[in-house]
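Data block below; observations after.
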Amino acid sequence: MNMQRKIFPRWKYDVFLSFRGEDTRKSFSGHLYAALDQKGVFTFKDNHRLERGKVILSELFKAIEESRFSVIIFSENYASSRWCLDELTKILECMKEMGQTVLPVFYNVSPSEVRNQMGSFKKAFADHEKIFRDNMERVQNWRVAMTEIANLSGWHLQDREEYEVIQDIVGEISSKLSLTFLSSTEKLVGMESRLEQMDLMSGRGLNDVRMLGICGMGGIGKTTLARVVFDKISYQFDGSSFLVNVREVSTTRGLVALQEQLISEILMDKNIKLLDVYRGCQMIRTRLRYKRVLVILDDVDELDQLQALAGKNDWFGLGSRIIITTRDRHLLVRHRVDGIYKVGKLNHGEALQLFCWKAFRESHPTDGYLELSYHMVNYAAGLPLALEVLGSFLFGRSKAEWKGALDRLKEVPDRKIFEILKISYDGLQESEKKIFLDIACFFKGMDKDRVREFLDSCELYPDIGISVLVDKSIITLSNNKLCMHDLIQDMGREIVRQECPEKPGQRSRLWLWTNIHRVLTKNEGTEAVEGIIIDFPLYKGIKLNAKSFSRMNNLRLLKICDGCFLHGIEYLSDELRLLKWHGYPLKSLPSNFQPKKLYKFNMCYSSVEQLWQGVQNMYQLKIIKLSHSENLTKTPDFTGVPNLERLILDGCINLSFVHPSIALLKRLNLLNLKDCKRVWSFPTVIEWGSLEVLILSGCSKLSSVQEIVRNSKHLLHLLLDGTSIEEIPPSIKYLTRLTILSLRDCKNLISLPSSVCDLKSLKVLNLNGCSKLENVPDNLGYIESLEKLDLGGTAIPKPPSSIVLLKNLSDLSFHGCKGRADKSWISLFRFPFFPRGNLDSIGFFLPSLSGLCALRRLDVGDCNLQEGAIPDDLGCLSSLTNLNLSRNNFISIPASISQLAKLETLNIDYCKMLEALPDLPASIDGLFAHNCTSNISKSTPRMFLFK
């Protein structure tokens, strides 16, 4: 036997049966053969020997060599047959030299009787020694073989029923064959972890009936996984059936054919005939309800298929497992399966290995092909189907051919991959197809809610549509983003390209610059075009045709950046739902434009001077965004847009007139007029019942917000930074939902009303830079929800004592507060160490803050803090992580700072009077000590100095 044969035996048979015909042919051996055959175990069958006991010895030996297992049935007269003994010797040889598995069965004889050649075996060998007295070596070989094989682990019938032993033998062989199959399928990359998940989900060992689902996108490996599971465990069941491609077969041959196949395979009866689906259901229920079966229903796409083939768990016997593969997760939910496993894509290492098996017939790339292999693997993005198809196609091809194939894939997807993935698309409703193509061409990676608004305006029923696409594994959601496998996206875009391969102007969607350039410069657009998106500025110098949009009557979506026209635009489609034109170059829109279906108007950095004149009835319009349109001088009449929800005009620096109809926008929830420096007033009667966010920051001429506050009771955010307001009206207390109030750099603000403390939902109060503000309400601490308080740059001499009640405060800043503290207040807080003679020079003081258990950041930089102005109980701020004491005049820092166990950064820049630092907590990562005395660094050798 040569070494190649020993290491890599080529098995023709699964099992070779060795037995004494007259003892067991019509009983145990015959039954065992039938059981093995029923389980699909290919067993050597010699009809001549079984019927007449005649066979050529060389053919027997060849059959033994070509068998993976040998089962030897030792019976009473086994040793009396020289044929059996020669088989036994050959089997022992194959076990030792080829690794054949040998399984002995002791049929009505004991193992010791065989091992020691006692009883009938003793008599048989005595007879052989007489006959072969001139060839005793042959007899001795027989004895050795029998002794060695009888010592192997096997089965002894004794008092057991034959069928039980036969089940054990068949199960043992099937199990070993499955394991051998799995170990030899090295190209099934990534299968081990998937099998573990299926094993956990299947509840191995439990005696209940379970229906399990395997779902995922086309080509992800659902059928392969189901096939491996079937091959691995089918031997454990009374019967099994694998129905391949249920979707296609039910369409071409009908459900009755599938029912007949299912029953026939499980009952091993080829004569099953059914009249209709109902009778098929009846037969499955009645004939299989007591059988422990394994059924695989592959590629199911309709509920009636499941109802006809596996309607309920009680159709099958205890311990049965029904496994369904599908692209539609919701189908499994509707059928109430007991568990669902979603197959994920291969990781990079697994993908590279699978690709290499197909492309090189080994697990790693051939020299010189590594980078090209990486490109192909990246293109396939973990999809097994693509990896196998591309790898097989590229096998044996040159590098130039590889590069050419890769370039072609960037333009046109592989046909086989495309057709398999397109099956999912073909099963969609028309509205779902439109949603899918919109996402594939325009919206992949975008926020679901934003895309939903557009799709809803197109009357495409996005809530159910997106849900269906997710269930069918066409798209996924991640952090509310619409995600899609790259090859699914390529498939969608290829569907659009095939609408008219040669003329892009006759396709429904345009996203490639080359196609868009051709259509907009040569006026090739047609009524087929529904959407155009280009997310980068058009190349300078390109002159667009003014009639570019004249024939695009069905344009729903237009997103474009900049653009130069030889003449004004003559036409825009009235079907537009979303118009986003960054840098729109003209002063006005086409006069004949009637955007009654428009839901979003986005023209940031445009040259437009006025959107429209008079009243335009646009009941669908929800968003207007004209940020940084510096030519805009007035807003239009909003009477015809009662459903407007967001009006964003930030950076419109020349906007001076806000039409009074703005006050009637009852559905408005966001108004942004940031840096509209010429806006100075609003209507006196306002009906903003839905307004939640109002941004007036930078409206430097605005001096009063009394009417706004009085009539905007649903406000969550109110930003008045940099306005000219002198006071906040007491009616602010009615803004009970307000969470953010920002008055940063309101230089004319003198005081806050005490009613601000009634804002129980307020989390952020920013008064930074209100340089005339000398006091805040004493009961400020009653705003229990406050998390961030910025009093930096104000004129307040001290924080209110109630500040210690702010249990949720995490960020507190007094940066740049240089107000003068009065002497009575100083004596109240009793700082005995402060020099009495210097009371007139006292600036800002920091009282005890020990009650602020949630405070993480404290900034008292540049506050003219003197020695003693930092309280000794500083160490009680147990949550503090960031402390800024820069640009102050204290000499020392309280020793209690060492108790700040969470402190990460300490800033003492320009604290020139500071003589030394106390022990610092070990948690500090950074100490900023620019322009401090040299004594500091000497006293704290472990700190980090940033100079």
Side-chain angles (χ1 to χ4, degrees), residues 649-658 662 671-684 686 688 691 693-712 715 717-735 738-759 762 764-780 783 786 788-800 812-822 843-844 859 862-864:
L649 303 173
D650 59 303
C652 296
I653 57 176
N654 290 306
L655 178 66
S656 59
F657 176 74
V658 177
I662 195 173
L671 175 58
N672 185 350
L673 296 174
K674 183 173 185 264
D675 294 329
C676 293
K677 300 179 180 180
R678 297 195 176 189
V679 173
W680 60 274
S681 69
F682 283 89
T684 55
I686 293 176
W688 290 338
L691 194 65
V693 178
L694 177 58
I695 304 174
L696 300 174
S697 304
C699 295
S700 53
K701 292 189 176 182
L702 187 66
S703 59
S704 175
V705 291
Q706 186 166 345
E707 294 303 324
I708 293 175
V709 170
R710 180 184 300 157
N711 296 286
S712 307
L715 273 180
H717 300 172
L718 178 57
L719 280 64
L720 301 171
D721 308 337
T723 59
S724 298
I725 61 172
E726 298 180 359
E727 62 177 2
I728 296 294
S731 59
I732 196 171
K733 67 180 180 180
Y734 297 116
L735 304 183
L738 196 66
T739 60
I740 296 177
L741 175 58
S742 184
L743 300 164
R744 187 183 183 94
D745 294 324
C746 289
K747 304 296 185 181
N748 296 329
L749 186 66
I750 298 174
S751 65
L752 279 183
S754 60
S755 60
V756 76
C757 302
D758 293 329
L759 301 176
L762 195 66
V764 178
L765 177 57
N766 190 343
L767 298 168
N768 190 290
C770 296
S771 53
K772 293 183 179 180
L773 184 66
E774 296 185 350
N775 61 75
V776 293
D778 290 336
N779 56 349
L780 191 66
I783 310 177
L786 202 62
K788 295 185 178 181
L789 175 59
D790 193 341
L791 298 173
T794 62
I796 64 169
K798 65 181 186 302
L812 177 59
S813 175
F814 299 108
H815 192 95
C817 283
K818 297 179 179 178
R820 313 303 299 173
D822 64 47
F844 185 80
D859 186 348
D862 198 18
C863 285
N864 194 26

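Put simply, the side chain of Asp721 gets close to the backbone of Arg744: a donor and an acceptor are under 3.5 Å apart. The backbone N or O of Lys772 sits nowhere less than 3.5 Å from a side-chain atom of Lys747 that would complete a donor-acceptor pair.
Nearest heavy-atom pair, Cys817 versus Gly792, reported as atom, atom and distance to 0.1 Å: SG-CA, 4.1 Å. Contact between Lys677 and Gly698 at its shortest, heavy atoms only, is CG-O, 3.7 Å. For the residue pair Leu671 and Leu691, the shortest heavy atom distance occurs at N-CD1, 3.9 Å. What you find for Pro753 and Pro777 is that their closest heavy atoms are O-CG, 3.6 Å. In terms of heavy-atom proximity, Ser751 sits nearest to Leu773 at CA-CD1, 3.4 Å. For the residue pair Trp688 and Ser712, the shortest heavy atom distance occurs at CE3-OG, 3.6 Å.
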Could you walk me through whether Leu741 and Val756 satisfy the side chain to side chain contact (heavy atoms under 4.5 Å, CB included) test, starting with their C-alpha distance in whole Å, then the side-chain angles of each, then the deciding distance to 0.1 Å, before giving a yes or no?
CA-CA 10 Å; Leu741 175 58; Val756 76; 4.1 Å; yes
* To do: In sequence, state the C-alpha distance, the side-chain angles, and the governing distance for Leu696 and Ile708, and then conclude on side chain to side chain contact (heavy atoms under 4.5 Å, CB included).
  => CA-CA 11 Å; Leu696 300 174; Ile708 293 175; 3.8 Å; yes
Practice task
Let me see the working for His717 and Thr739 under side chain to side chain contact (heavy atoms under 4.5 Å, CB included), right down to the final yes or no.
Solution key: CA-CA 6 Å; His717 300 172; Thr739 60; 3.2 Å; yes
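Between Leu765 and Leu759 the shortest side-chain heavy-atom distance does not fall below 4.5 Å. Contact annotation: the side chain of Pro729 approaches that of Val705 to within less than 4.5 Å [non-hydrogen atoms, C-beta and beyond]. Considering only heavy atoms from C-beta on, His815 comes within 4.5 Å of Asp862 through its side chain.
Interatomic distance, Ile728 CD1 to Cys746 SG, rounded to the nearest 0.5 Å: 7.0 Å. Between the CD atom of Glu727 and the OG atom of Ser703 there is a distance of 10.5 Å, given to the nearest 0.5 Å. In this structure, CD in Glu707 is found 11.0 Å from OG in Ser681, a value given to the nearest 0.5 Å. Between Leu702 atom CG and Leu673 atom CG the span is 9.0 Å, to the nearest 0.5 Å. Considering CG of Leu767 and CD1 of Ile796, their distance stands at 8.5 Å, rounded to 0.5 Å. One finds the CD1 atom of Ile695 at 8.5 Å from the NZ atom of Lys674 (value rounded to the nearest 0.5 Å).
Tested against Leu720, the residues Asp745, Leu743, Asn766 include a single side-chain contact (heavy atoms from CB on, under 4.5 Å) partner, Leu743. In summary, of the residues considered (Val776, Val764, Leu780, Leu762), a side-chain contact (heavy atoms from CB on, under 4.5 Å) with Leu789 occurs for Leu780 alone.
For Asn748, the CG atom counts as densely surrounded, since its 6.0 Å shell holds more than 12 non-hydrogen atoms of other residues, nucleotides or ligands.
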